[in-house]
Each structure stands twice: as structure tokens, then as C-alpha cells.
Participant: 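Structure incoming, see below.
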Amino acid sequence: MEKGFFQKVYDVASQIPYGRVTSYGAIASYIGSHGSARMVGWAMNSSKNLPQNLPAHRVVNRNGLLTGKQHFGGNDVMAQLLISEGLKVEDSKVLYFEKVFWDPAIEL
DNA sequence: TTGCTGACCGACG
DNA sequence: CCGTCGGCCAGCA
């Protein structure tokens, strides 16, 4: 039974530590599907059908921009969640992104 | 079954 | 600098 694409995404995303963030591309690359970053985001969209254990708010784009914030049911919900974890968010963007960046290829 | 779309990224002109 | 296009995989009408 090989894990499907989504399955791998969930597996990695669910392991993102508190107060850390990663990028769609990093996850895609780690699971061996470099270029399918869009699918990572799509997997997050489908996360609604999964347990809340999936910290989708800790996944941002390459620029540290909260591109998927609108899918959290609000415009600032995602930002507030990150701020609540001790991160600095300004203008829908994670400050010190490189410092809080969690790369599965390195950390995992 | 076919075809379109999507929370991205990198390349090209 | 900015607009456009291709690639990747899965869900839905």
C-alpha cells in the first residue's frame, strides 16, 4: 500500500512543529513531487474533511505570504493563528520567515 | 470518460 | 518589472 500524494502531504504537514512554518514547494519537493506545490495547497483544501490535527495555517508560500488565508473562513484568521503561536505576521506575511522556516528535508 | 480548476513555483519574453 | 505558460495530481460536474 503506497501512500498517495495527499497522504504524504498530510503526514508531513501534521509534523510541523509549533511556532514554525514551511512552504508548499518544500513539502512537494520532500515527498518527491517537485513542481506539484499546487497539489499541496489542494490537499490543505481537502483537509476540511480530515481531523483538525493538520496545521494548515503553518503552510505558506515561498515568500512567506499567507496565500491560503482566505480559505480559513476569514481574512485574518490564519494570521491570528500564527501570531498566537508567537510568530510575527504583518500584511498577511510572515516576518523573519527564514528564521521560523521548517524544512522537512532538513528537520525530518 | 473528458475537461476544467486549484491555498504554487520556476522559467521565459 | 510584469504578464504568461507549463508542470504536477486529485476532485468534481
Side-chain angles (χ1 to χ4, degrees):
Chain A
M1 292 289 283
E2 294 183 74
K3 293 182 179 177
F5 187 90
F6 279 33
Q7 195 65 42
K8 290 182 179 178
V9 173
Y10 300 143
D11 192 42
V12 175
S14 63
Q15 295 180 62
I16 303 174
Y18 179 92
R20 293 293 188 99
V21 291
T22 190
S23 65
Y24 302 97
I27 296 175
S29 182
Y30 177 73
I31 66 181
S33 293
H34 178 67
S36 58
R38 301 209 302 182
M39 306 296 84
V40 177
W42 192 249
M44 297 295 116
N45 187 20
S46 299
S47 69
K48 297 168 6 177
N49 202 13
L50 294 166
Q52 305 98 335
N53 290 25
L54 190 64
H57 60 277
R58 295 181 189 153
V59 184
V60 296
N61 74 348
R62 192 59 183 163
N63 297 307
L65 195 66
L66 282 59
T67 52
K69 66 178 183 181
Q70 193 157 20
H71 287 263
F72 280 81
N75 196 46
D76 298 311
V77 179
M78 188 175 182
Q80 290 301 318
L81 284 169
L82 292 172
I83 292 171
S84 179
E85 296 191 357
L87 297 176
K88 297 292 182 64
V89 180
E90 185 173 296
D91 192 33
S92 301
K93 175 179 168 298
V94 178
L95 301 183
Y96 311 111
F97 177 60
E98 52 185 281
K99 292 185 178 181
V100 296
F101 180 65
W102 180 80
D103 190 344
I106 300 175
E107 307 286 343
L108 207 55

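Residue numbering restarts at 1 for every chain, and letters A, B, ... go by the order of the sequence lines.
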Participant: Going 5' to 3' on DNA chain B, which nucleotide is the first and which the last to come under 4.0 Å of a heavy atom in chain A?
Facilitator: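 Footprint of chain A along DNA chain B, 5' to 3': B/dG6 to B/dC9.
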
Participant: Name the residue from A/Val77, A/Leu82, A/Ile83 that meets the side-chain contact (heavy atoms from CB on, under 4.5 Å) definition with A/Gln80.
Facilitator: A/Ile83

Participant: Return the value, rounded to whole Å, for the distance between atom CZ of A/Phe5 and atom P of C/dC8.
Facilitator: 12 Å

Participant: Between A/Gly35 and A/Phe6, name the one whose nearest nucleotide on DNA chain C is closer to the 5' end.
Facilitator: A/Gly35

Participant: Mind checking the CG-NZ spacing from A/Asp76 to A/Lys69? Nearest 0.5 Å is all I need.
Facilitator: 6.5 Å

Participant: Side-chain heavy atoms under 4.5 angstrom apart, residues restricted to Ile, Leu, Val, Met, Phe, Trp, Tyr: same cluster for A/Val21 and A/Leu95?
Facilitator: no

Participant: Can you check the A/Lys48 NZ to C/dC12 P distance for me, whole Å?
Facilitator: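 It works out to 10 Å between those atoms.
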
Participant: Under a 4.5 Å side-chain heavy-atom rule over Ile, Leu, Val, Met, Phe, Trp and Tyr, are A/Met39 and A/Leu54 clustered together?
Facilitator: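 Yes, A/Met39 connects to A/Leu54 through the hydrophobic network.
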
Participant: Counting the atoms with a prime plus P, OP1 and OP2 as sugar-phosphate, which does A/Thr67 contact under 4.0 Å by heavy atoms, base, sugar-phosphate, or nothing?
Facilitator: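 If one applies the 4.0 Å heavy-atom cut-off, A/Thr67 turns out to touch the sugar-phosphate alone, with no base involved.
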
Participant: Do NZ/NE/NH1/NH2 and the carboxylate oxygens of A/Arg58 and A/Glu85 come within less than 4.0 Å?
Facilitator: yes

Participant: More than 12 heavy atoms of other residues, nucleotides or ligands under 6.0 Å from OH of A/Tyr96: is that the case?
Facilitator: no

Participant: Report the distance from atom OH of A/Tyr10 to atom C1' of C/dC9, rounded to the nearest whole Å.
Facilitator: 12 Å

Participant: Work out how far the P atom of C/dC5 is from that of B/dC4, and round it to whole angstrom.
Facilitator: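 The answer is 15 Å between these two P atoms.
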
Participant: For A/Ile27 and C/dA10, what is the distance between atoms CD1 and P respectively, to the nearest whole Å?
Facilitator: 16 Å

Participant: Calculate the interatomic distance between A/His34 atom NE2 and C/dG6 atom P; express it in whole Å.
Facilitator: 18 Å

Participant: What is the nucleic acid contact for A/Asn45, judged by heavy atoms within less than 4.0 Å: base, sugar-phosphate only, or nothing?
Facilitator: base

Participant: Name the nucleic acid region contacted by A/Phe72, choosing base, sugar-phosphate or nothing; use a 4.0 angstrom heavy-atom cut-off, strictly under.
Facilitator: base

